[in-house]
Amino acid sequence: MQAHQADDLDTAERLYREVLDLRVAQPDALHYLGVLCHQCGRSDEGVELIRTALQVTPKHPDAHNNLGNIHKECGRLREAEACYRKALECGPQHHNALSNLAVVLEAQERPQEAFEAYEQLLRQAPRYAQGHYLLGLFLRNHAQNLEHIEQSVARFREAYALEPRFVQVLEALSVSLYVLGRTDEAVQVYRDWVAREPDNPIPRHMLAACGGADAPVRAGDAYVRDIFDRFADSFDEQLLHNLDYRAPQVLAEVLGTALPAPAAALDVLDAGCGTGLCAPLLRPHARRLVGVDLSGGMVERARQRGGYDALDVAELTAYLQERPGVWDVVLSADTLVYFGELGTVLAAAHAALRPGGWLAFSLEAEEGEGDRATLTASGRYRHSRAHVLRALERAGFHDIRISEDSLRKEFGQPVRSWVVLARRSDDAGEATGAVRDLNRL
C-alpha cells in the first residue's frame with residue numbers, strides 16, 4: 001500500500017500478488033489490486049478482483065465504494081449507483097459513498113434526488129468541506145435564478161472556512177461572484193490567492209479572466225497543464241454527464257460531410273485529445289491516429305481508454321510547427337478556447353496538413369460583428385465569427401464552413417459555440433475565401 005500511495009504501481013502490483021500467493025483471496029490485497037488495475041487501464045480485471053474481495057468480506061463499505069468508482073469512471077452509472085447504495089448499507093456514515101452517490105444521481109439527470117443526497121451528506125457531516133464544495137457546484141450548475149448562485153457562494157465560503165488549504169474552492173467562489181456581477185469581490189479573492197501562492201498559475205490567469213490584470217494572448221502552458229492534470233480523473237463525468245458536452249460528436253459529424261467514406265486510410269491528429277473522447281469517432285477514418293495534449297494526466301486517461309496509435313504530451317502550436325505536411329486531418333475539440341489570437345496556431349495547423357487536408361475545431365462564440373477574442377471569467381476565450389474567419393483566411397485555408405451550435409452547458413445554460421471546418425489548398429495557387437455559413441444554407 002505504501003508503494004501504491006507513492007504511485008509506484010509496478011512495485012505495488014508485484015507485492016499485492018506476492019501477498020495473494022501467500023494467502024489466496026486475502027481481501028485487502030484483492031481490493032487494492034483491483035483499484036490499481038483500474039488505474040492501469042484494466043478496469044474489467046479490477047472489477048473482478050474487487051468482487052472477489054467482497055465475496056470474502058461482503059460488508060466492506062470501502063470496497064463497495066471503490067467498485068462504484070470504477071463503474072462511474074467507466075460510464076456505468078446505474079452500476080455505480082448500486083455500489084454506492086450498498087456501501088451506505090454497510091456503513092451509513094460513509095461520507096465518500098454518499099457524496100459519490102449524489103454525483104452519479106446528478107449525472108443521471110436526477111437533480112432532486114442528487115440535491116437530497118447532498119443535503120443528507122451535510123446533515124451527517126456538517127464540517128465536511130468537500131460536501132459543501134460539491135453542493136456549491138450543484139447549486140451553480142443547476143441554478144434557476146440568482147438566489148441559487150448566492151447559495152453557491154455561501155457553500156464555497158463555508159468549505160474554505162472549514163479547510164483553508166482547499167484552494168480549489170477559491171476558483172469556484174470567484175466564478176460565482178463574477179456571475180452575480182460582484183466583480184470586485186471576485187478580483188479580490190484571486191488577488192488574495194495570488195498573494196498566498198505567487199507561483200500558482202491558476203489564480204494569476206483567473207485574475208486576468210475577471211479583469212483584474214491584462215489578458216494574455218493565450219492561456220499559459222502551466223495554467224492549462226495544472227487545470228487539466230487536476231481535472232483528469234473527473235473530466236468525463238463532469239463534461240458528459242453534468243455539462244452535456246457534445247463537441248466530439250458534432251465535430252465528427254461535420255468532418256464526415258467532407259471526408260470520403262471511412263476506410264482507415266488517413267493520418268489523423270486529435271489536437272488536444274484530453275481523455276480520448278474523440279478516438280472512437282475518428283478511428284474508422286484513420287490509418288494512423290495520434291493524440292497530443294499538454295496535460296500528462298489527460299494523456300494517461302486517453303492511454304487507458306485506448307484507440308490511438310501514439311499519444312504525446314506537448315504544447316499544441318510547437319507540436320504542429322515541428323511536423324509540416326504530416327496530417328490529412330487535424331481535429332481540435334474545445335482546445336482553441338484557451339487561445340486568444342488564433343493566427344499563430346491556425347498557421348501552424350495549415351502547415352502541418354497535407355495539401356487538401358481538413359481542419360475541424362470548436363470555439364465559444366463571441367457576440368457581435370467585430371474582430372474580437374475575449375477572455376471570460378471561465379478562464380476560456382470567446383471568439384467572434386469575424387476573428388475566426390480572418391485568422392483562417394490569413395493562414396491560407398479555403399472552403400471555410402462555420403456553423404453555430406451549443407456544445408456544452410454552463411450554469412445550466414447552453415453555451416453558444418462555433419463549429420468550424422476548413423481545408424488546406426490542393427496546391428499553392430488555389431484561391432482562399434469561399435466561406436460557407438452553414439446556418440444560412
Side-chain angles (χ1 to χ4, degrees), residues 95 98-99 101-103 105-107 109-196 202-203 205-213 227 230-231 234 237-239 241-245 364 367 374-380 382 406 408-416:
H95 305 325
L98 185 52
S99 63
L101 175 62
V103 167
L105 290 170
E106 183 180 357
E109 299 184 359
R110 294 154 65 186
Q112 185 58 41
E113 293 174 76
F115 179 67
E116 291 168 1
Y118 284 126
E119 286 198 314
Q120 180 184 346
L121 174 64
L122 292 180
R123 284 195 302 270
Q124 289 184 1
R127 299 189 61 78
Y128 183 43
Q130 178 76 6
H132 288 279
Y133 171 69
L134 290 172
L135 179 55
L137 291 179
F138 174 88
L139 289 165
R140 194 174 69 200
N141 288 338
H142 297 273
Q144 297 178 350
N145 50 54
L146 289 180
E147 183 181 354
H148 292 149
I149 307 293
E150 293 278 6
Q151 291 170 356
S152 78
V153 167
R155 293 301 99 221
F156 295 140
R157 290 197 187 281
E158 182 66 17
Y160 189 63
L162 290 167
E163 182 48 81
R165 293 173 297 179
F166 193 4
V167 293
Q168 190 174 351
V169 174
L170 295 177
E171 183 178 353
L173 170 61
S174 296
V175 172
S176 287
L177 289 169
Y178 188 91
V179 171
L180 290 168
R182 292 154 62 179
T183 307
D184 291 345
E185 291 179 66
V187 166
Q188 190 57 51
V189 170
Y190 285 125
R191 285 187 174 142
D192 292 344
W193 188 2
V194 169
R196 177 174 174 171
I202 294 175
H205 178 81
M206 295 305 296
L207 180 62
C210 285
I227 282 288
R230 189 180 68 186
F231 197 27
S234 61
E237 171 191 310
Q238 289 294 325
L239 284 184
H241 303 303
N242 294 348
L243 303 182
D244 293 342
Y245 181 62
E364 293 186 9
E367 301 284 350
T374 304
L375 180 60
T376 72
S378 68
R380 300 184 297 274
R382 288 197 302 250
S406 173
R408 60 180 287 159
K409 289 182 179 179
E410 193 154 275
F411 313 135
Q413 300 301 314
V415 175
R416 181 170 171 252

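Along the sequence shown, residues carry numbers from 1.
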Inset, instruction - Hey, could you give me the CG/CD distance between Leu122 and Glu158, rounded to the nearest 0.5 Å? - result: 9.0 Å
Legend entry - Nearest-0.5 Å distance, CG of residue Leu177 to OG of residue Ser152: 8.0 Å
Inset, instruction - Could you tell me whether the side chain of Leu173 reaches within less than 4.5 Å of the side chain of Val153, counting heavy atoms only? - result: yes
Legend entry - Test item: His132 side-chain N/O and Pro126 main-chain N/O as donor-acceptor pair under 3.5 Å: yes
Inset, instruction - Could you pull out the closest heavy-atom pair between Leu137 and Ala172, with the gap in Å? - result: CD2-CB, 4.2 Å
Legend entry - Partner set under side chain to side chain donor-acceptor pair (under 3.5 Å) for Glu116, not counting sequence neighbours: Gln112
Inset, instruction - Answer yes if the side chains of Gln130 and His95 hold a donor-acceptor pair under 3.5 Å, and no otherwise. - result: no
Inset, instruction - Work out which heavy atom in Met206 is nearest to a heavy atom in Ala377; give both atom names and the distance. - result: CE-O, 3.0 Å
Legend entry - Enclosure of Arg416 CZ (heavy-atom neighbours >12, cutoff 6.0 Å): yes
Legend entry - Non-hydrogen atoms of Ala208 and Leu375 that approach each other most closely: C-CD2, 3.9 Å
Inset, instruction - Apply the side chain to side chain contact (heavy atoms under 4.5 Å, CB included) test between Ser174 and each candidate in Phe156, Trp193, Tyr190; give the one that qualifies. - result: Tyr190
Legend entry - Audit row: His142, Phe115, side chain to side chain contact (heavy atoms under 4.5 Å, CB included) steps and yes/no: CA-CA 10 Å; His142 297 273; Phe115 179 67; over 6 Å; no
Legend entry - Shortest non-hydrogen contact from Ala114 toward Ala102: CB-O, 3.5 Å
Legend entry - Flag side-chain contact, heavy atom, 4.5 Å: Tyr178 against Ser378: no
Inset, instruction - Report yes or no: do Tyr133 and Glu163 form a side-chain donor-acceptor pair below 3.5 Å? - result: no
Inset, instruction - Give every residue pair that meets the salt bridge (charged side-chain N to carboxylate O under 4.0 Å, His left out) criterion with at least one member in residues 172-190, sequence neighbours excluded. - result: Glu150-Arg182, Arg157-Glu185, Arg182-Glu185
Inset, instruction - Write down the atom of Val169, the atom of Ala159, and the distance for their closest heavy-atom approach. - result: CG2-CB, 3.9 Å
Inset, instruction - Mark yes or no for whether His148, through its side chain, and Gln144, through its backbone, hold a donor-acceptor pair below 3.5 Å. - result: yes
Legend entry - Spacing of CG belonging to Leu139 relative to CZ belonging to Arg155, to within rounding of 0.5 Å: 8.0 Å
Legend entry - Asp192 side-chain N/O to Ala195 backbone N/O, donor-acceptor pair under 3.5 Å: no
Inset, instruction - Measure the shortest side-chain to side-chain distance between Leu121 and Tyr128 over non-hydrogen atoms and say whether it is less than 4.5 angstrom. - result: yes
Inset, instruction - Assess whether side chain to side chain contact (heavy atoms under 4.5 Å, CB included) is satisfied between Leu207 and Val187, documenting all intermediate values. - result: CA-CA 6 Å; Leu207 180 62; Val187 166; 3.7 Å; yes
Inset, instruction - For Leu98 and Ala117, work out which heavy atoms get closest and say how close. - result: CG-O, 4.0 Å
Legend entry - Side-chain heavy-atom pair His205, Ile227 within 4.5 angstrom cut-off: no
Inset, instruction - Please list, chain by chain and in numerical order, all residues satisfying side-chain contact (heavy atoms from CB on, under 4.5 Å) with Glu364, sequence neighbours excluded. - result: Val337, Arg380, Arg382, Arg408, Val415
